[in-house]
Amino acid sequence: MPKVTIVGAGQTGATTAHWIAERELADVVLVDVVEGMPQGKGLDLAQAMPIIGSDAQVLGANDYGPSAGSDLVIITAGLPRKPGMSRDDLLEANSKIVRAAVEQSLAVSPEAILVILTNPLDAMAYLAMKVGGLPRQRVIGQAGILDSARMRTFVAAELNVSVQNVHCYVLGGHGDEMVPLTRASNVAGVPLAEVLPADRLAAIVDRTRKGGGEIVGLLKTGSAFYAPSAALAQMAEAILLDRHLIVPASAYLEGEYGQRGIFFGVPTQLGRKGLEKIIEVRLSEEEAQALQVSAAKVREAIEALKF
Ligand code: TXD
């Protein structure tokens with residue numbers, strides 16, 4: 001069985017371990033700095049496996065020893081937002097945490113692919129690639145699957161259709177300037193604009209952009225974790241099972257979409273080597289402009305990084 005290390009055994013980390021182990025995608029090692037907590041969650045999850053019928057092994061630790069030889073390292077370690085905070089407010093504190101996580105995990109798993117979740121997402125993925133000295137194929141940030149899933153949920157509820165019939169693509173940085181591509185989004189192949197009145201579509205786009213903040217405002221003590229961890233599990237599956245799956249994710253751009261030197265949400269193809277391809281779709285003038293605004297925000301966060 002492949003091996004996945006999840007750094008950060010908090011809300012998203014532990015729930016990701018749950019999805020991955022339940023689906024028997026890999027053995028899972030949870031690493032966290034809090035004494036006893038990852039061990040306790042690991043043991044609890046391991047004891048759920050006989051009931052679920054999965055032979056995945058789950059284990060928690062405070063050091064990286066047990067994580068040696070991982071195929072995939074998922075980094076969720078870091079502070080989440082509190083109400084009123086933007087994702088960029090987390091930059092300084094989380095930089096140190098992500099840096100340590102990358103160095104220590106690669107020291108024992110030099111071949112691993114890294115998937116980053118920690119916010120501010122695009123800047124943290126950039127930091128991970130630079131600190132690890134890795135090619136862009138091996139570092140991918142999670143944002144787009146989640147943002148697109150939020151939009152899919154809202155559209156499906158509005159039209160009373162199965163979420164499986166709704167396909168949405170949200171690109172750009174993982175901030176409130178993200179860009180829902182309404183032209184490329186559809187319900188069973190029919191463009192959204194043909195099935196939703198313009199004002200309803202605009203309301204859904206707006207709610208999608210603020211989707212993370214909506215949940216932070218409700219939870220008050222943390223941020224969303226069920227949908228973000230489901231997104232991480234989908235990326236893990238695409239990579240470990242070499243699915244060549246096309247999903248929106250944050251990747252390092254080398255000229256695609258007119259951007260160079262930043263991580264940015266784009267349609268990616270994921271498989272055993274990590275990022276296999278960035279897919280370029282034709283954009284309207286308006287979409288291209290919105291992406292420029294979003295890219296400028298991401299660039300600002302990356303320039304603020306000190307490492
Ligand atoms: O779509 C996305 N990219 C996001 C991003 C969706 C959801 C959450 N997103 C971000 O992930 C969020 O803003 C945070 O920056 C991270 C983690 O969110 P989570 O909700 O899981 O936070 P928790 O529950 O506070 O868990 C973080 C854990 C906690 O147990 C800490 O003890 C641990 O990280 N931590 C560490 N683990 C290992 N090593 C170090 N250095 C470390 N520092 C803290």
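None of the values given here were measured: they were computed from a predicted structure. Indexing begins at 1, ligand by ligand and atom by atom, following the structure's order. Sequence positions, counted from 1, serve as the residue numbers for this chain.
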Checklist entry - ring-ring contact (aromatic ring centres under 6.0 Å, His included) with Phe264: which residues, sequence neighbours excluded? => result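 Result, ring-ring contact (aromatic ring centres under 6.0 Å, His included) vs Phe264: none returned.
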Checklist entry - Would you say Leu90 and ligand 1 have an N/O pair spaced under 3.5 Å apart? => result no
At a 4.0 Å threshold, what atoms of ligand 1 neighbour a non-hydrogen atom of [X]?
{"X": "His174", "result": "1 (O), 2 (C), 3 (N)"}
{"X": "Leu146", "result": "1 (O)"}
{"X": "Val34", "result": "32 (O)"}
{"X": "Gln142", "result": "1 (O), 2 (C), 3 (N)"}
{"X": "Ala224", "result": "7 (C)"}
{"X": "Met37", "result": "30 (O)"}
{"X": "Pro228", "result": "6 (C), 7 (C)"}
{"X": "Gly8", "result": "34 (O), 37 (N)"}

Winner among [options] once heavy atoms are compared against [atom]:
{"atom": "atom 10 (C) of ligand 1", "options": "Asn119, Val216, Leu232", "value": "Asn119"}
{"atom": "atom 41 (N) of ligand 1", "options": "Val31, Ile116, Ile97, Val98", "value": "Ile97"}
{"atom": "atom 34 (O) of ligand 1", "options": "Ala227, Gly10, Gly78, Pro38", "value": "Gly78"}
{"atom": "atom 11 (O) of ligand 1", "options": "Asn62, Leu30, Leu117", "value": "Leu117"}

Checklist outcome for this item: Heavy-atom nearest pair, Ile140 first then Ile113, reads CD1-CG2, 4.3 Å
Is the shortest side-chain N to carboxylate O distance from [X] to [Y] below 4.0 Å?
{"X": "Arg152", "Y": "Glu158", "answer": "no"}
{"X": "Lys273", "Y": "Asp242", "answer": "no"}
{"X": "Lys82", "Y": "Asp89", "answer": "no"}

Checklist entry - Taking heavy atoms and a distance under 4.0 Å, where does Val7 meet ligand 1: side chain, backbone, both or neither? => result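 Val7 to ligand 1: side-chain contact only, backbone stays beyond 4.0 Å.
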Next on the checklist: Once you restrict to heavy atoms under 4.0 Å, what part of Leu121 touches ligand 1? Side chain, backbone, both or neither.
Outcome noted: side chain
Checklist entry - Just checking, is any N or O donor in the side chain of Ser250 or Asp122 under 3.5 Å from an acceptor N or O on the other one? => result yes
Next on the checklist: If the condition is side-chain hydrogen bond (donor to acceptor under 3.5 Å, both in side chains), which residues does Thr12 pass it with, not counting sequence neighbours?
Outcome noted: none
